[in-house]
Number of protein chains: 4
Amino acid sequence: MTENRTPDSSRRSERSRRAIHDAALGLVGEVGYPKTTIEAIAARAGVGKQTIYRWWPSKAAVLLDAFVALGERTAGRAEGEPAPALPDTGDLAADLGTVLRATVDELNDPAFEAPTRALAAEGIVDPRLGAEFVEKLLAPSFELYAARLRAAQEAGQVRADADPRVALELLVGPVTHRWLLRTGPLTHDYADAIVDHVLRGLLPNP
Amino acid sequence: MTENRTPDSSRRSERSRRAIHDAALGLVGEVGYPKTTIEAIAARAGVGKQTIYRWWPSKAAVLLDAFVALGERTAGRAEGEPAPALPDTGDLAADLGTVLRATVDELNDPAFEAPTRALAAEGIVDPRLGAEFVEKLLAPSFELYAARLRAAQEAGQVRADADPRVALELLVGPVTHRWLLRTGPLTHDYADAIVDHVLRGLLPNP
Amino acid sequence: MTENRTPDSSRRSERSRRAIHDAALGLVGEVGYPKTTIEAIAARAGVGKQTIYRWWPSKAAVLLDAFVALGERTAGRAEGEPAPALPDTGDLAADLGTVLRATVDELNDPAFEAPTRALAAEGIVDPRLGAEFVEKLLAPSFELYAARLRAAQEAGQVRADADPRVALELLVGPVTHRWLLRTGPLTHDYADAIVDHVLRGLLPNP
Amino acid sequence: MTENRTPDSSRRSERSRRAIHDAALGLVGEVGYPKTTIEAIAARAGVGKQTIYRWWPSKAAVLLDAFVALGERTAGRAEGEPAPALPDTGDLAADLGTVLRATVDELNDPAFEAPTRALAAEGIVDPRLGAEFVEKLLAPSFELYAARLRAAQEAGQVRADADPRVALELLVGPVTHRWLLRTGPLTHDYADAIVDHVLRGLLPNP
DNA sequence: ACATAATCGAGACGGTACGTCAGGTCTTTTT
DNA sequence: AAAAAGACCTGACGTACCGTCTCGATTATGT
């Protein structure tokens with residue numbers, strides 16, 4: 001009965017897509033995620049509601065797309081994807097510290113905070129969106145951590161029997177935990193402390 | 001004009017309170033949190049909507065209350081609060097492993113999953129609720145971890161310069177991270193791996 | 001599944017009812033029936049849409065109610081209904097002529113024309129509404145015609161074997177026909193001609 | 001800016017025209033007039049929406065065209081126009097009765113009822129369409145009545161001072177009145193009664 | 001023991017947004 | 001040049017809930 005016709009994406013209006021992205025980000029920044037309605041996005045974008053419903057399944061999906069596109073634009077990259085590499089000075093502790101501090105800074109950046117929290121919250125409840133959130137926003141940087149750890153492992157700076165995925169989560173888990181639950185201040189010192197503790201546990205057995 | 005009268009809680013109907021708790025938990029279990037509306041809770045509880053609005057500020061607050069009460073009831077405790085202590089067999093790794101595995105089991109329990117995720121999600125976005133969520137549901141067990149770690153520290157099993165709060169987050173952070181973001185299977189093995197890594201980092205300097 | 005709860009009319013807001021009537025009539029007069037939307041009625045009446053949907057099944061039903069109430073208010077009568085009697089001067093032709101001319105005037109009154117046409121049109125397509133339209137707006141006056149004709153019949157001015165319902169339709173049918181289909185000018189002369197022809201056919205057999 | 005170009009009707013696709021007619025009639029029969037949408041007509045006819053908008057001003061106009069074409073096809077006539085004559089047996093009452101009964105039968109034919117009512121309703125509200133409706137569907141038969149009455153008048157069977165247009169409306173008005181308003185059963189007996197009454201009023205003065 | 005006052009169940013109300021539908025315009029590609 | 005296809009903006013639909021509000025009908029003290 002209800003036909004699930006998928007629209008012809010080759011005829012999609014690029015103008016509308018961009019306008020919707022911008023409107024979504026603008027509104028979330030100005031009035032917050034919960035008060036950002038699809039109706040308002042459409043109105044601000046000068047677009048029919050149907051044009052949103054045609055291409056996205058939910059408000060959160062719109063915002064996720066917009067956010068990803070924003071990240072790419074901000075990073076200067078085109079909508080294709082090569083992401084920059086994690087520094088490798090040879091000093092593992094310093095390298096991880098640098099990046100974890102950067103992560104902390106980003107989480108503390110008020111411009112990013114609102115939409116990121118909103119998307120994380122939606123993703124927690126909606127597995128589909130959660131997977132997309134992780135894949136598009138988190139996975140890339142996770143992979144960089146893992147790569148750097150593997151390099152260190154090969155250089156003998158890290159125990160051979162350590163799983164880089166687990167190590168990665170030991171670094172990132174506490175930080176996001178503190179950020180999400182607001183159980184304490186999210187500072188560079190905290191990032192350093194995490195790196196310090198974790199690396200102690202990863203040292204090769206003497 | 002509109003007086004903001006705070007209701008007289010001594011006249012509060014215990015019957016209604018319980019009915020609302022039950023209705024909220026039932027609905028969240030059956031239709032999920034987003035489709036659980038205040039109107040539906042009121043209807044199922046056989047209660048006027050105003051009775052909910054009188055005593056709770058939001059749907060999430062209702063669920064949080066209901067969930068806390070459920071936890072207490074399940075644990076056999078009265079609505080007062082003494083929480084059981086964390087085991088201390090002298091073997092720190094074993095003790096932490098036991099408890100972290102229990103946490104993993106609870107997070108995997110389908111009955112608890114839906115409401116916990118919903119509350120976590122709301123808490124991420126709403127700081128007030130987040131604080132209450134942490135305070136009522138997480139803080140108690142966090143405190144137990146911290147106590148056990150302090151005991152181990154005093155016994156010389158853990159470096160004197162380690163911060164128990166940080167150590168705690170090293171244990172709990174990765175687990176909740178994996179649970180919230182669904183980045184991997186949440187198993188006993190994973191709990192053990194976390195404990196193993198973290199304790200290595202906490203050993204007294206040789 | 002879909003509960004058909006009927007609202008409690010004793011709690012109905014009289015204020016809203018009147019405001020909706022006025023808004024409906026105002027809008028139909030100003031922008032015409034097809035461009036009068038339920039949304040606009042609600043907005044102009046300062047009322048939630050649901051309040052309209054709660055009490056009326058359709059836009060046409062709203063207008064019909066409003067129109068009936070208007071008719072009663074205009075006629076000075078309260079919302080109860082005793083309708084005035086048709087004159088009986090003894091001269092049947094004169095009496096019928098008077099009333100049919102009045103009907104013609106009413107049909108030509110621009111204030112009444114738009115809503116009446118709209119309601120008639122809806123009634124033609126929707127039997128339920130049509131019945132209500134006839135019952136509430138037309139039947140009362142029809143009954144007066146019939147009564148006057150019966151009186152004439154008893155006075156021997158009309159054939160005993162004539163059916164007053166049919167006679168009534170002979171008078172009223174051509175007038176409404178011409179009005180609805182705009183097949184010719186709707187004048188007093190036309191009314192007189194109709195009365196003349198019809199009465200010839202109703203004279204007692206010589 | 002937007003030119004109001006009138007399309008070149010010589011290049012019009014006959015195939016599409018017929019398909020649109022058929023789709024319109026089919027849909028009105030199946031789902032009723034209000035639920036028959038231009039979009040649905042286009043889809044069923046395998047035609048672009050623009051093709052409809054190019055050639056017709058409104059849904060009602062499409063249906064009217066389709067209905068007229070259907071009537072002509074049904075009557076076996078080509079799309080040109082000669083309409084059959086009304087019988088003249090010399091017995092005016094019998095002749096009019098025959099035709100009025102035929103009219104009654106047509107109005108009672110369920111296949112014709114839905115579209116006719118829909119068109120009549122639209123015509124009541126939209127004068128332009130109303131005129132077309134009368135002109136294309138009603139006027140031809142009206143003219144036949146008028147012709148027959150004129151013949152009778154010349155034969156001295158009808159008063160010389162009677163206006164055939166009025167006489168015609170005396171016959172047709174009550175029937176359509178009853179049909180449109182559903183104020184009573186539309187039977188052959190009713191048709192006969194109307195003819196009887198009307199002819200009494202048309203007899204030459206003794 | 002009873003009056004008094006608050007809570008309670010119920011649900012109508014003014015609103016906001018939802019997700020859907022169709023209208024009528026426009027563009028792209030095919031015939 | 002007209003046609004099939006269908007994306008687009010627009011705007012109304014009817015529904016679902018929101019949070020507020022009034023209405024009797026219970027309570028539940030505190031004099």
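Letters A, B, ... are given to chains in the order of the sequence lines, protein chains preceding strands, and every chain is numbered from 1.
In the displayed structure, A:Arg12 atom CZ is contacted under 6.0 Å by more than 12 heavy atoms of other residues, nucleotides or ligands.
Counting to the nearest Å, the P atom of E:dT16 and the CD atom of A:Glu39 are 11 Å from each other. Regarding C:Lys35, its NZ atom lies at a distance of 11 Å from the P atom of E:dG24, rounded to whole Å. The distance between atom CD of A:Gln50 and atom P of E:dC18, rounded to the nearest whole Å, is 13 Å. Nucleotide F:dT15 holds its P atom 12 Å from the CZ atom of C:Arg54, rounded to whole Å. Look at CD1 on C:Ile41: it is 14 Å from P on E:dG14, rounded to the nearest Å. Here the C1' atom of nucleotide F:dC9 and the CD1 atom of A:Ile52 are 12 Å apart, to the nearest Å. The OH atom of C:Tyr53 sits 16 Å away from the P atom of E:dC13 (whole-angstrom rounding). Between the NZ atom of B:Lys59 and the P atom of F:dA16 there is a distance of 16 Å, rounded to whole Å.
A salt bridge is defined here as a Lys NZ or Arg NE, NH1 or NH2 lying under 4.0 Å from an Asp or Glu carboxylate O, and A:Asp65 with A:Lys136 meets this definition. Under the 4.0 Å criterion applied to side-chain N and carboxylate O atoms, A:Glu113 and A:Arg117 are assigned as salt-bridge partners. With respect to C:Lys35 and C:Glu30, no salt bridge is recorded, no charged nitrogen being found less than 4.0 Å from a carboxylate O.
Regarding contacts with the backbone of F:dA7, every side-chain N or O of A:Thr51 stays at 4.0 angstrom or more from both OP1 and OP2. The side chain of D:Ser13 places no N or O atom within less than 4.0 Å of a non-bridging phosphate oxygen (OP1 or OP2) of F:dA2. In terms of phosphate contacts, D:Ser16 brings no side-chain nitrogen or oxygen within less than 4.0 Å of OP1 or OP2 of F:dA2.
One N or O donor and one acceptor, one from the side chain of C:Arg11 and one from the base of F:dT22, sit under 3.5 Å apart. If you check distances only, the side chain of D:Lys49 never reaches the base of F:dG6 with a donor-acceptor pair under 3.5 Å.
Closest-nucleotide positions on DNA chain F for C:Ala40 and A:Gly46 were compared, and the one nearer the 5' end corresponds to A:Gly46. When each of C:Ile38 and D:Ala45 is assigned the nucleotide of DNA chain F bearing its nearest heavy atom, the one mapping closer to the 5' terminus is D:Ala45. When the nearest nucleotides of DNA chain E are assigned to B:Asp8 and C:Ser9 by heavy-atom distance, the more 5′-ward of the two goes with B:Asp8.
Taking the side chain as every heavy atom from C-beta outward, C:Tyr33 and C:Pro115 never approach each other to under 4.5 Å.
Comparing F:dC18, E:dA22, F:dC8 by their nearest atom to the side chain of D:Thr37 picks out E:dA22. You'll find that the side chain of C:Arg12 is closest to E:dC13, out of F:dA3, E:dC18, E:dC13. Among the nucleotides F:dC8, E:dC13, E:dG23, the one closest to any side-chain atom of C:Trp55 is E:dC13.
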